[in-house]
> 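Quick one: the structure is below, questions incoming.
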Amino acid sequence: MGFIKDAMQPAGSLRARPLLTQIITLGMTISSALIIWKALICITGCESPVIVVVSGSMEPGFKRGDILFLHMNEDPIRAGDIVVFNIKGKTIPVVHRVIQVHEQQNNKEIYVLTKGDINKKDDRLGGIYGSGQLWLQRQHIMGRAIGFLPYEGWVTIVLTENPIVKYVLIGALSLVLITSKDRGAKQNSRTNE
Amino acid sequence: MHSFGYRANALLTVAVTILALMCAIASLSDNFNSPTPSAQVQVLNINWFQKHQDGNDEISLTLNISANLQSLFTWNTKQVFVFLAAEYETPMNSLNQVSLWDGIIPAKEHAKFWIHTSNKYRFIDQGSNLRGKDFNLTLHWHVMPKTGKMFADKIVMSGYRLPQDYR
């Protein structure tokens with residue numbers, strides 16, 4: 001690696017190397033996080049293998065802020081499964097339990113009705129489905145919940161519901177990054193003297 | 001390398017990793033539990049049985065459900081979600097599952113129960129196939145852990161039949 005150091009020295013001042021190192025380290029961290037995320041998507045077969053519970057409709061089982069692990073495979077959807085589904089026009093996916101399944105004879109097309117554990121009305125009566133929609137079908141369902149971690153999702157909820165916190169955090173992080181870089185450069189110049 | 005920032009970061013990373021490991025081990029311990037649940041359901045009465053204007057049959061039943069699910073609880077169990085579903089086949093659908101009743105068992109003491117109730121959710125068919133229909137009543141349960149993997153299982157009770165005529 002010595003020849004790289006020699007090549008870098010004449011290329012710029014002492015400030016170029018620590019800056020480049022930091023950029024590369026940052027890039028590597030982001031890339032490895034992305035690799036792990038994409039691998040999870042492949043393994044679990046869903047587009048978002050981990051989601052945060054945002055509504056209280058599945059209490060006392062799942063509270064706001066819990067993290068759910070999802071999995072999707074070819075197994076048929078059956079009553080009792082906790083499924084995550086998207087409704088056209090609504091941005092947040094819904095996590096509810098299946099209470100009715102009708103599976104057709106020949107093409108195995110399924111018609112599913114869901115309900116939050118604590119809700120009195122099922123999702124059709126309660127207006128959760130789009131207007132005129134009576135059932136959920138295969139294409140609406142993103143995955144089945146197979147496990148969960150309590151409380152960890154609170155950070156995501158706070159960030160989503162209070163965007164100000166996001167900006168404050170990014171501002172603080174950038175400040176820390178800039179000040180630490182200065183300290184790194186100062187240390188380098190001290191050792192080189 | 002000894003600033004507050006670095007130390008806090010290292011501490012947080014180790015803490016979160018250990019926490020995740022503990023949750024995983026807690027979840028694994030659930031695999032050592034071998035439950036022996038039991039259940040019984042009686043259909044006491046057919047309250048009414050009609051066909052709606054849109055062509056779908058609906059029936060109202062009174063049920064007597066008794067079960068002992070105490071062996072499902074471990075130290076890592078938050079609650080057990082239990083529900084009773086009627087399952088039957090029709091010419092159009094190879095499988096129909098309709099949930100008639102559900103409940104949440106928060107603790108082991110409540111897991112041995114006996115209830116007398118009419119169906120909590122409406123038993124409506126997709127079509128008009130319920131007259132004289134043979135069906136199974138299946139008691140399903142989902143063990144929801146304090147942390148980790150969820151387990152589900154069921155007991156199938158067969159031999160029930162709906163009346164031949166509307167009433």
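Chain letters run A, B, ... following the sequence lines, proteins first, then strands; residues in each count from 1.
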> Quick one: does A:Arg97's side chain get under 4.5 Å of B:Asp102's, heavy atoms only?
no
> Give, as side chain, backbone, both or neither, the part of B:Pro145 having an atom under 4.5 angstrom from any heavy atom of chain A.
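Both parts, heavy atoms under 4.5 Å.
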> Is there side-chain contact between A:Asp117 and B:Phe81, with at least one heavy-atom pair below 4.5 Å?
yes
> Are A:Leu134 and A:Leu136 co-members of a hydrophobic cluster defined by side-chain heavy atoms under 4.5 Å apart?
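In one cluster: yes.
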> Which residues pass the salt bridge (charged side-chain N to carboxylate O under 4.0 Å, His left out) test with B:Arg131, not counting sequence neighbours?
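With sequence neighbours excluded, B:Arg131 shows a salt bridge (charged side-chain N to carboxylate O under 4.0 Å, His left out) to no residue whatsoever.
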> Got a sec: does the CZ of B:Arg122 have more than 12 other heavy atoms crowding it under 6.0 Å?
no
> Can you tell me if A:Asn106 has over 12 outside heavy atoms packed within less than 6.0 Å of its CG?
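At most 12 heavy atoms, drawn from other residues, nucleotides or ligands, come within 6.0 Å of this atom.
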> Quick one: CG on A:Leu68 to CE on B:Met150, what's the gap to the nearest 0.5 Å?
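Rounded to the nearest 0.5 Å, the CG-CE separation comes to 6.5 Å.
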> Which distance, rounded to the nearest 0.5 Å, do you find between the NZ of A:Lys120 and the OH of B:Tyr121?
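Rounded to the nearest 0.5 Å, the NZ-OH separation comes out at 8.5 Å.
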> Using heavy-atom distances under 4.5 Å, tell me whether A:Ile146 contacts chain B through its side chain, its backbone, both, or neither.
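Interface part for A:Ile146: backbone (N, CA, C, O).
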> With a 6.0 Å cut-off (strictly less than), is the heavy-atom count around CG of A:Leu125, excluding the residue itself, greater than 12?
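Count over threshold, so yes.
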> Give, as side chain, backbone, both or neither, the part of B:Ile124 having an atom under 4.5 angstrom from any heavy atom of chain A.
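Backbone only.
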> Hey, which of A:Lys108, A:Lys115, A:Gln100, A:Glu103 has the most heavy atom pairs under 4.5 Å with chain B?
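Max contact count across the listed options: A:Glu103.
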> Around A:Lys121, counting heavy atoms of other residues, nucleotides and ligands shown, do more than 12 lie under 6.0 Å from its NZ?
no
> How would you list, in number order, the residues of residues 36-62 of chain B that have a heavy atom less than 4.5 Å from chain A?
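So far as heavy atoms go, nothing in residues 36-62 of chain B approaches chain A to under 4.5 Å.
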> Same cluster for A:Tyr111 and A:Tyr129 if Ile/Leu/Val/Met/Phe/Trp/Tyr side chains link at under 4.5 Å?
yes
> Sort B:Ile104 into side chain, backbone, both or neither according to what part of it lies under 4.5 angstrom from a heavy atom of chain A.
side chain
> Does one hydrophobic cluster hold both A:Val53 and A:Val94, with members joined at side-chain heavy-atom distances below 4.5 Å?
no
> Relative to chain A, which segment of B:Gln126 carries a heavy atom at a distance below 4.5 Å: side chain, backbone, both, or neither?
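Both backbone and side chain of B:Gln126 come within 4.5 Å of chain A.
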> Please determine whether the number of non-hydrogen atoms from other residues, nucleotides or ligands lying under 6.0 Å from atom NZ of B:Lys112 exceeds 12.
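No, because the 6.0 Å sphere around NZ of B:Lys112 holds 12 heavy atoms or fewer from other groups.
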> Under the ring pair (Phe, Tyr, Trp, His ring centres under 6.0 Å) definition, can you give me all pairs with a residue in residues 48-83 of chain A, not counting sequence neighbours?
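Non-adjacent pairs meeting ring pair (Phe, Tyr, Trp, His ring centres under 6.0 Å): A:Phe62-A:Phe148.
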> Sort A:Pro60 into side chain, backbone, both or neither according to what part of it lies under 4.5 angstrom from a heavy atom of chain B.
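The answer is both parts of A:Pro60.
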> Using side-chain heavy atoms (C-beta onward) and a distance below 4.5 Å, is B:Gln97 in contact with A:Val98?
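With C-beta onward as the side chain, the pair stays apart.
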> Could you look at B:Lys154 and say if it's the side chain, the backbone, both or neither that has a heavy atom under 4.5 Å from chain A?
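For B:Lys154, no heavy atom lies under 4.5 Å from chain A.
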> If I compare all heavy atoms of B:Ser94 with all of A:Gln105, which pair ends up nearest, and what's the gap?
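Smallest heavy-atom distance, with atoms named: CB-OE1, 3.3 Å.
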> Side chain, backbone, both or neither: which part of B:Thr138 has a heavy atom under 4.5 Å from chain A?
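Looking at B:Thr138, nothing touches chain A.
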> Just do the side-chain contact (heavy atoms from CB on, under 4.5 Å) check on B:Thr90 and A:His102 with the steps written out, would you?
CA-CA 10 Å; B:Thr90 61; A:His102 298 280; over 6 Å; no
> Got a sec, which pairs hit ring pair (Phe, Tyr, Trp, His ring centres under 6.0 Å) with one end in residues 132-158 of chain B, sequence neighbours left out?
B:Phe83-B:His140, B:Phe135-B:Tyr160
> Who among B:Lys78, B:Glu89, B:Lys149 has the most heavy-atom pairs with chain A under 4.5 Å?
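Option with the greatest count: B:Lys78.
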